[in-house]
Amino acid sequence: MKNLFVYYLAILSPFALMFWMISNEHDLAFVITMLLYSTIYRGVTDYFRLKARGYIGLEIARLLIPFHGRRRFLRDLYFR
């Protein structure tokens, strides 16, 4: 996932499913999906982005903590 456009497409595409859940009143499914998105999905996508950018020795466990592991690599994830 070296391409920034592909990365943004990967992290923003689940919002279509979440929007559909909100509009069809699936509240519990929306909450579960939001929790899975913010922990597991974003951690895995950020790991693969950083791995493609050359951060080989990165621990995936740090990225599974929301907002904690990504703070260090903010510029490399979102702007390069």
Exercise answer: donor-acceptor pairs, residues 13-36 side-chain atoms, under 3.5 Å, sequence neighbours excluded:
{"unit_1": "S13", "atom_1": "OG", "unit_2": "L9", "atom_2": "O", "d": "3.3"}
{"unit_1": "S13", "atom_1": "OG", "unit_2": "A10", "atom_2": "O", "d": "3.4"}
{"unit_1": "S23", "atom_1": "OG", "unit_2": "F19", "atom_2": "O", "d": "3.3"}
{"unit_1": "S23", "atom_1": "OG", "unit_2": "W20", "atom_2": "O", "d": "2.9"}
{"unit_1": "T33", "atom_1": "OG1", "unit_2": "A29", "atom_2": "O", "d": "2.7"}

Quiz item: Mind checking whether F79 and L4 sit in one hydrophobic cluster, side chains of I, L, V, M, F, W, Y counted as touching below 4.5 Å?
Solution: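 Yes, F79 connects to L4 through the hydrophobic network.
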Quiz prompt | Candidate list V44, T39, T45, test side-chain contact (heavy atoms from CB on, under 4.5 Å), partner Y41, passing option | solution =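 Considering V44, T39, T45, a side-chain contact (heavy atoms from CB on, under 4.5 Å) with Y41 is found only for T45.
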